[in-house]
Amino acid sequence: MKILDGKKTSNDIKEELAIEVVKLLSSGGKRPHLAAILVGNDGASETYISAKVKACDKVGFASTLVRFNDDVSQDILLSEIDKINKNTDIDGLIVQLPLPKHIDEMRVTEAIDPTKDVDGFHPANIGKMALNLPTYLPATPAGILELLKRYKVETAGKHCVVVGRSHIVGSPISILMSRNNNPGNCTVTLTHSRTQNLHEITQTADILIVALGKANFITADMVKKGVCIIDVGITRVKSDYTKSGWKLIGDVAFKQVKDKCSFITPVPGGVGPMTIAMLLKNTLKSTKK
Ligand code: GUN
């Protein structure tokens with residue numbers, strides 16, 4: 001069993017990006033600049049956003065964090081997005097999800113200039129992704145592909161089972177794993193809450209990608225020997241044993257499943273840090289354009 005070490009791989013990518021920033025600046029280019037909008041003070045979103053801002057710092061990017069209370073109107077949010085769209089110093093814009101119920105997430109996503117949509121969530125960019133055209137790939141699926149590539153996990157002709165059909169992970173990764181690319185060329189089964197006989201399907205997976213948000217959902221009896229598991233789930237649970245008072249648990253019961261795997265991502269330290277590295281990579285791509 002080999003660990004797909006997202007922490008180390010993301011640090012490698014950040015070092016590569018830092019070198020590229022130095023090169024870009026010394027050749028007269030501009031410093032990459034990522035803007036992030038955070039609405040409300042959801043604990044998990046605060047953690048993700050502060051990790052994104054810190055990562056910008058680490059690689060030499062500028063960052064701007066715009067915060068709103070959770071009762072902000074949709075119009076005010078849309079006018080901030082419009083302002084950032086027009087700001088030529090800002091290369092990338094993300095709006096941290098989820099948003100409060102009174103705000104239409106799709107309306108907000110569509111308001112972001114597709115050329116600054118470094119999350120790759122805009123319908124125009126999702127369309128390009130599906131057609132295998134150059135675009136920003138959504139950061140979490142892109143991070144999964146990068147891990148598979150750097151650890152040379154064979155994907156062509158394999159059966160890839162995806163659990164969860166979210167717009168952010170399950171749906172795009174199922175498209176990406178089926179594209180005629182490397183990584184890719186899988187036979188993909190996308191499963192969700194209405195899927196029948198999930199156990200039987202996951203047992204046939206060569207590559208199992210789980211993005212459900214249910215702690216320890218995948219157990220040893222649900223997978224076959226030699227499977228490669230990508231665990232995207234991050235559930236925060238209270239803990240008396242950590243400094244923060246929280247600990248993170250994946251969708252896969254790691255301890256009981258790991259010995260059946262050829263490869264597995266840990267939680268934390270797997271897909272999570274890769275998401276941030278790929279967001280930075282997309283931002284640099286936008287700057288270079
Ligand atoms: N919420 C959970 N994951 C993400 C992400 O990758 N981007 C944004 N904007 N919000 C998220």
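For the numbers below, each heavy atom of this structure counts, side chains included, while hydrogens, waters and symmetry mates do not. We're numbering straight along the sequence, starting at 1.
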Query raised in the report: Between Asp206 and Lys224, is there a side-chain N and carboxylate O pair less than 4.0 Å apart?
Result: yes
**Report entry** Ion pair check, Lys23 and Glu20, cut-off under 4.0 Å
**Finding:** no
Query - Working for salt bridge (charged side-chain N to carboxylate O under 4.0 Å, His left out), residues Glu110 and Arg107 - result: CA-CA 5 Å; Glu110 282 180 317; Arg107 178 79 189 80; 5.5 Å; no
Using modelled atom types only, decide if a donor and an acceptor are shared between the side chain of [X] and the backbone of [Y] within a distance under 3.5 Å.
| X | Y | value |
| --- | --- | --- |
| Ser239 | Trp246 | no |
| Arg31 | Leu25 | no |
| Tyr151 | Asp5 | yes |
| Ser262 | Gly226 | yes |
| Glu105 | Leu99 | yes |
| Thr155 | Cys186 | no |
| Lys14 | Ala55 | no |

Requested in this report: Start with the C-alpha gap between Thr115 and Asp113, add the side-chain angles, then the distance that decides, and say whether side-chain hydrogen bond (donor to acceptor under 3.5 Å, both in side chains) holds.
Outcome: CA-CA 5 Å; Thr115 67; Asp113 177 346; 2.9 Å; yes
Report task. Check step by step if salt bridge (charged side-chain N to carboxylate O under 4.0 Å, His left out) holds for Arg150 and Asp12. Result -> CA-CA 11 Å; Arg150 292 196 183 217; Asp12 292 347; 5.1 Å; no
With the side chain counted from C-beta on, respond yes when [X] and [Y] share a heavy-atom pair under 4.5 Å apart, and no when they do not.
| X | Y | result |
| --- | --- | --- |
| Leu279 | Leu34 | yes |
| Ile3 | Ile264 | yes |
| Arg236 | Thr47 | yes |
| Leu280 | Phe61 | yes |
| Met177 | Leu148 | yes |
| Pro32 | Leu24 | yes |
| Val153 | Pro183 | no |
| Ile49 | Arg67 | no |

Mind listing the closest non-hydrogen atom pair of [X] and [Y] along with its distance?
| X | Y | result |
| --- | --- | --- |
| Ser193 | Arg165 | OG-NH2, 3.8 Å |
| Ala111 | Asn85 | O-ND2, 2.8 Å |
| Thr135 | Lys128 | CB-CB, 3.7 Å |
| Val72 | His102 | O-NE2, 2.7 Å |
| Ile84 | Ala35 | CG2-CB, 4.0 Å |

Query - Chi angles and distances behind the side chain to side chain contact (heavy atoms under 4.5 Å, CB included) call for Ile76, Phe68 - result: CA-CA 9 Å; Ile76 290 180; Phe68 289 107; 3.8 Å; yes
[X] and [Y]: side chain donor to acceptor below 3.5 Å:
| X | Y | answer |
| --- | --- | --- |
| Lys58 | Asn11 | yes |
| Asn216 | Asp251 | no |
| Asp91 | Ser286 | no |
| Thr219 | Asp221 | yes |

Query raised in the report: Going through the checks in order, is the side chain to side chain contact (heavy atoms under 4.5 Å, CB included) test met by Ile276 and Ser10?
Result: CA-CA 8 Å; Ile276 296 179; Ser10 68; over 6 Å; no
